[in-house]
Amino acid sequence: MVPTSTSSSPFAPAANILNRIWSTQKGLKSVVYSSQGELTCSKTTFAQCSHVLEHKSTLDRLLKEVPYLQAKNKGLLYVLLYELLIGPNKRIRGGGAIKRQLMAQENILKEKLKEINASSLRKPCFSDPPLKPTVIPRYVRINTLVADSSTTLQKLRQRIRPIYIDPDVPDLLVIDATPENRALLQEFVLSNEIVLQDKSSCFSALCLVHGYGGKKSSHCDFLDACAAPGNKTSHLAALVQSQNLGNCDNHNTEGTSVIYALDKSPQRCALLKRRMMGLVPDKSVQCYNVDFLETYGGAGINSKENKDAEVKQYARGTTLPENIRAILLDPSCSGSGMTSNHTEQYLDRDPYFMDERIRALSDFQFLALKHATCNFPLVDRVVYSTCSRYYQENEGVIKRILDFTTGEWQLVAPSCLKHWHRRGLFPKDGSDGLTFDQARCVIRVDPELDATNGFFVACLERTNFKDNESDKTSSTWKSHADTLPEGMELYHNQFDDSLKASAQSSDTSKLSNKRKSSDLEARSLDRNIGTHIKKRLKKVEWKRQQRLKKKERLKRKNA
Ligand SMILES: C[S@@+](CC[C@H](N)C(=O)[O-])C[C@H]1O[C@@H](n2cnc3c(N)ncnc32)[C@H](O)[C@@H]1O
């Protein structure tokens, strides 16, 4: 039976939710959102639960190491333990028997936590409960549909320091992943100014939109085929708006592109709708609870007179508007690239791992990609992505599609990630896989080396797609690395304490502070960043120095 706390503890609601999650094996969102997509608890309770779940592996270890801590109400024990040791206040409000137990062991618990943190920096150990192999910082995407980038950055800097700029994704900031920072961000999340989106998951929309002119003579809409909860959808909407795509409109009255966002699950689609209402105020996203596999690319339904018919047909989940020219396909996957995915931590980490579940997922992914490439005759770009690290769900699916479509589609290398050094894998057994050139087109992200969750992206284009604008637009593409705001630095693993620790221990005290930090910089660069980025960083740094010198000169001149 699920213990339901009737105590007067201010944490009782969070404890009850956690107990339900653990007894039903459901996720937090499935438990707290109603089928209409409404939050059934307070935002504070929601935040408390997500913080506990985020740190569950550490709390599990603590409880294993201090075995005499026991409580019938497991949820309450975890919340209070989190509040006492990890939460921003490091104290427990209210009273009660569990609090008394914890307070009696406070010093031991603090010592154990220190040991756990130190050992997790030394060696990742997969036989133990999950430990993060590298530091994945908190990524914060400024939602440019609601907020002005530089104003939000300024506001954030008044509360949180340091903040770095991601070198690859525009409008993406990097901060230390501490509970204090998470709490400070909450207000910005609630006002929809920011989205807490991991770096690698921003790659999908970036690759779909970047360099995509579509056929300039006609309007172009987008389809996000598996959209909920909508991080990529809202990113896509922001990018589409900022690049002013779909400007030759004869389809929708506002002259902007529409993003059709589908999800098969009624609950997740309700969540998607709710989030899009806040994140995309220009209403460029239209959400539908339909099965992507039961939809088809429409043709000939384009005039305004036909719009009603189109909507009716669309509502039946059959035909999608013909203006859709590009599809983002981010289907359900094993999630094996996510470092927070606890169940996967115990699986074989070999990227060639395969079992019945992975085979079934791979078959579904192939089916969905086949549908996107074969049943939408007017679509000329499809971006396929997963947060899986397994070959079978990534390169394996792409190889099958290329074989199936026999020359109709080709892989293209996304020019926005030209410098990204980690690319596709070949089959382990030497069997027929992607060619060398094809493997170089796809993007892989390694959670242990790239300071972001594991990910895979492939960009497919119709072979006869002549209207490709990639080359023209790539030269005008600006990431933050090119337009670094005054006083800001690019992120290159400054939050990785293991690097800091090793830099400090090798410091024989004679090195100046400046030298130390450049040493640290060089180490982290060597480990994680390709030569291209290094050059770019150097150039940005050189430009910054020049700007400072110029300022100095002007100051002297005016004095
Ligand atoms: C990996 S999640 C998508 C995450 C999302 N792109 C984001 O960034 O927030 C996959 C989603 O696909 C949905 N899905 C699975 N099969 C589907 C189908 N046949 N048609 C539409 N949606 C589907 C699932 O309900 C799930 O919400």
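Source: prediction; values computed, not measured.
In this structure, the ring of H492 has its center no less than 6.0 angstrom from the ring center of Y164.
Here the shortest heavy-atom pairing between L185 and V140 reads CD1-CG2, 3.9 Å. The minimum heavy-atom distance linking D446 with E448 is given by the pair OD1-N, 2.7 Å. Nearest heavy-atom pair, V169 versus C202, reported as atom, atom and distance to 0.1 Å: CG1-CB, 3.8 Å. Taking all atoms of both residues into account, the shortest heavy-atom contact from A458 to V442 is CB-CG1, 3.8 Å. Here the closest non-hydrogen pair linking S204 and V383 is O-CG1, 3.7 Å. Here the closest heavy-atom approach between residue R381 and residue C207 is recorded as NH1-O, 3.0 Å.
Using a distance-only test at 3.5 Å, with no hydrogens or angles considered, no donor-acceptor pair links the side chain of S362 to the main chain of I358. In this structure, the side chain of T405 engages the main chain of I401 through a donor-acceptor pair within 3.5 Å. Side-chain atoms of N375 do not come within 3.5 Å of backbone N or O of Y296 as any donor-acceptor pair. In this structure, S234 contributes its side chain and L279 its backbone to no donor-acceptor pair below 3.5 Å. H371 places no side-chain N or O within 3.5 Å of a backbone atom of L367 that could act as its donor or acceptor partner. When atom types are taken as modelled, the side chain of D221 and the backbone of V258 share a donor-acceptor pair closer than 3.5 angstrom. A donor-acceptor pair is defined here as one N or O able to donate and one able to accept, closer than 3.5 Å; no such pair exists between the side chain of E408 and the backbone of F404. Here the side chain of N181 pairs a donor or acceptor atom with the backbone of D176 at under 3.5 angstrom. Between the W409 side chain and the T463 main chain, no donor and acceptor come within less than 3.5 Å of each other.
The existence of a salt bridge linking K399 and D403 is confirmed by a sub-4.0 Å separation between a basic side-chain nitrogen and an acidic carboxylate oxygen. Ion pair R325/D380 not flagged as a salt bridge, since none of the NZ, NE, NH1 or NH2 atoms sits closer than 4.0 Å to an Asp/Glu carboxylate oxygen. Looking at D171 and R141, no side-chain N of the basic residue comes within less than 4.0 Å of a carboxylate O on the acidic one, giving no salt bridge.
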Item to complete: Check the pair T40, Y33 against side chain to side chain contact (heavy atoms under 4.5 Å, CB included), reporting the backbone distance first and the verdict last.
Response: CA-CA 6 Å; T40 56; Y33 281 103; over 6 Å; no
Worksheet item: Does the pair D282 and S284 meet the rule for a side-chain hydrogen bond (donor to acceptor under 3.5 Å, both in side chains), with working shown?
Response: CA-CA 6 Å; D282 69 7; S284 57; 2.8 Å; yes
Item to complete: Walk me through it: do F436 and F426 pass the test side chain to side chain contact (heavy atoms under 4.5 Å, CB included)?
Response: CA-CA 8 Å; F436 182 73; F426 299 106; 3.9 Å; yes
Worksheet item: Stepwise, does the side chain to side chain contact (heavy atoms under 4.5 Å, CB included) test hold for Y139 with Q197?
Response: CA-CA 6 Å; Y139 289 97; Q197 183 171 1; over 6 Å; no
Item to complete: Please report the C-alpha distance between S415 and K418 in whole Å, then the side-chain angles of each, then the deciding distance to 0.1 Å, and finally whether the side chain to side chain contact (heavy atoms under 4.5 Å, CB included) criterion is met.
Response: CA-CA 5 Å; S415 46; K418 235 181 213 163; 4.2 Å; yes
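A 4.5 Å side-chain heavy-atom check between I17 and V32 finds at least one atom pair inside the cut-off. Residues R138 and F495 are not in side-chain contact: their nearest non-hydrogen atoms beyond the backbone lie 4.5 Å or more apart. Residues K199 and L172 form a side-chain contact, since some pair of their non-hydrogen atoms from C-beta on lies under 4.5 Å apart. Residues L236 and F222 are in side-chain contact: their nearest non-hydrogen atoms beyond the backbone lie under 4.5 Å apart. Side-chain atoms of W420 and V445, non-hydrogen and from C-beta on, do get closer than 4.5 Å to each other. Between I165 and Y491, every side-chain heavy-atom pair lies at or beyond the 4.5 Å cut-off. Residues I142 and L173 meet the side-chain proximity criterion, which asks for heavy atoms closer than 4.5 Å. Two residues are said to be in side-chain contact when any heavy atoms from C-beta on lie closer than 4.5 Å; L320 and F376 meet this criterion.
Atom-to-atom distance recorded for N289:CG and S265:OG is 7.0 Å, nearest 0.5 angstrom. Rounding to the nearest 0.5 Å gives a distance of 7.5 Å between CG of D263 and OG of S332. If you take CG on N143 and NE2 on H235, they are separated by 9.5 Å, rounding to the nearest 0.5 Å. Distance SG/C387 to CG/D330: 7.0 Å, rounded to 0.5 Å. With rounding to the nearest 0.5 Å, the separation of CG in L434 from CD in E395 is 6.0 Å. Here SG of C269 is found 10.5 Å from OH of Y288. Values are rounded to the nearest 0.5 Å.
Side-chain polar atoms of S388 and T386 form no donor-acceptor pair below 3.5 angstrom. Residues R275 and N231 bring a donor and an acceptor atom of their side chains to less than 3.5 Å of each other. Using modelled atom types and a 3.5 Å distance limit, the side chains of D450 and T452 yield no donor-acceptor pair.
Geometrically, K264 does not engage F292 in a cation-pi contact, judged by NZ or CZ lying under 6.0 Å from the ring centre and within 45° of the ring axis.
Each of R389, R444, E393 was scored for a side-chain contact (heavy atoms from CB on, under 4.5 Å) with F456, with one residue passing: R444.
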